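Residue numbers count from 1 along this sequence. Keep in mind it's a predicted model, so treat the numbers as computed, not measured.
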Amino acid sequence: MSKELEIIGLIPASGKASRIQPIPCSKEVMPIAFQQMANGQEAPRVISQNTVDAYIEAGASRIFFIIRKGKWDIPNYYGDGSEFGTQMAYLIMNRPFGIPYTLDQAHSYVQDAICLLGFPDMLVDPADAYKHLVDKLKEVDADVVLGLFPIHDEVQKTKSDMVGIDANGDVLDIQVKPRETNLHYSWGMAAWKPDFSNFMHEYLKEDEKKFLTNPDAPETYPGHVILEAAKAGMKVSSVCFDEGSFVDLGTPVKLKNMFSST
C-alpha cells in the first residue's frame with residue numbers, strides 16, 4: 001500500500017496590500033468579524049482565517065505563511081497555530097519576482113507533500129472546496145487540480161487567469177490577465193502533488209535568469225508555471241464550482257460592501 005501523502009497549506013503573504021492602504025496592520029490579520037475561541041472567549045476573526053479554516057477542512061496538517069520582513073504581526077497573531085487547530089510556521093520571502101517564487105521558498109519543506117494554494121484575502125464558497133480538489137487529485141491521478149469559478153464580467157476577466165478545459169475537466173489553456181477572451185472560468189485555488197513542486201522549483205531556476213539580466217522583466221504568475229507544467233506532460237485537471245464563488249476581499253469596494261452588510 002502506498003504511503004498517504006501529508007497535506008500542507010501554503011499562504012503567500014509577502015505583498016504590501018497597496019490597494020487598501022493605509023491600514024494599521026498586515027492585511028492578512030485585519031479583523032473582519034468576531035468569533036468564539038476554544039476557551040469560550042470572543043476574539044477578532046481576521047481576513048486570512050477563511051483560508052486557514054478551509055485548509056484544515058481539507059486535511060492540512062501544517063500551514064506555512066510565506067511573509068516578507070516586517071510583517072511580524074502575522075506570526076504574533078497566529079503563533080504556532082495551536083489555538084486555531086493546526087500547526088503553523090513562517091518563512092521569509094527571498095526572491096521578489098512573483099508568487100511562484102514566494103511559494104518556492106517552502107520547497108524543501110513540502111517537496112514530498114500535497115500542497116494547497118489559496119490566497120489570504122479570498123472568501124471561497126463552498127467552504128469544503130479544497131477537499132474536492134484533493135479528492136480529484138487522487139481520483140484521476142492528476143499532478144495539479146485547479147478550482148474553477150465562472151466569471152461573467154468582462155472587465156474582471158482581464159484581471160484574472162482564465163482557464164480553458166475539455167469535457168473531462170483537463171486544462172487546455174491558461175490565459176494570464178488577457179486583454180480579451182472567450183473563456184468563462186478563472187481559477188482561484190489549487191492543489192498539487194510533489195512532482196509539480198519539484199517542476200516549479202526547477203522551472204524557476206531558469207526563469208530567474210531573466211530578472212537577473214533585466215530587473216524590469218514581467219512578473220511570473222502561478223498560471224504561467226502551471227501551463228508550462230501541462231505543456232511538459234503533467235496532468236492538470238480541475239473542479240468546476242459552477243454554483244460557487246470566490247471573492248477577493250482585498251479591495252476597498254469588497255471590504256466596504258462586507259462591512260455594510262454586517
Considering all heavy atoms, the nearest Ala190-Leu146 contact: CB-CD2, 3.8 Å

Short N-O contact, Asp153 and Lys157, less than 4.0 angstrom: no

Electrostatic pair Glu208:Lys205 at N-O distance under 4.0 angstrom: no

Centroid-centroid distance, Phe196 to Tyr203, less than 6.0 Å: no

Phe64-Tyr90 aromatic ring centre distance below 6.0 Å: no

Between His224 and Asp207, a side-chain donor and acceptor under 3.5 Å: no

Side-chain ion pair, Arg62 and Glu6, N-O less than 4.0 Å: yes

Salt bridge (Lys or Arg N to Asp or Glu O under 4.0 Å) between Glu4 and Lys138, worked out: CA-CA 11 Å; Glu4 190 76 11; Lys138 299 174 181 178; 2.7 Å; yes

Polar side chain donor-acceptor pair, Ser14 to Lys71, under 3.5 angstrom: no

Salt-bridge contact Asp170-Lys235 (side-chain N to carboxylate O under 4.0 Å): yes

Distance-minimising heavy-atom pair for Gly164 and Leu183: N-CD1, 3.6 Å

Distance-only donor-acceptor check, side chains Trp187 and Ser238, under 3.5 Å: no

Results of ring pair (Phe, Tyr, Trp, His ring centres under 6.0 Å) for Phe97 - residues two or more places apart only: Tyr101, Phe211

Distance-only donor-acceptor check, side chains Thr181 and Gln175, under 3.5 Å: yes

Results of salt bridge (charged side-chain N to carboxylate O under 4.0 Å, His left out) for Asp128 - residues two or more places apart only: none

Tyr185 and Asp242: side chain donor to acceptor below 3.5 Å: yes

Under-4.0 Å salt bridge between Asp53 and Arg45: yes

Residue pairs fulfilling ring-ring contact (aromatic ring centres under 6.0 Å, His included) with at least one residue in residues 146-182, sequence neighbours excluded: Phe149-Phe241, Phe149-Phe246

Close side-chain approach of Ser197 to Trp192, heavy-atom, < 4.5 Å: yes

Ion pair check, Lys136 and Glu139, cut-off under 4.0 Å: no

Heavy-atom check, side chain of Leu5 versus side chain of Pro194, under 4.5 Å: yes

Atom pair CD1/CD1 of Ile226 and Ile174 - distance to nearest 0.5 Å: 5.0 Å

Flag for Tyr78-Ser48: side-chain donor and acceptor within less than 3.5 Å: yes

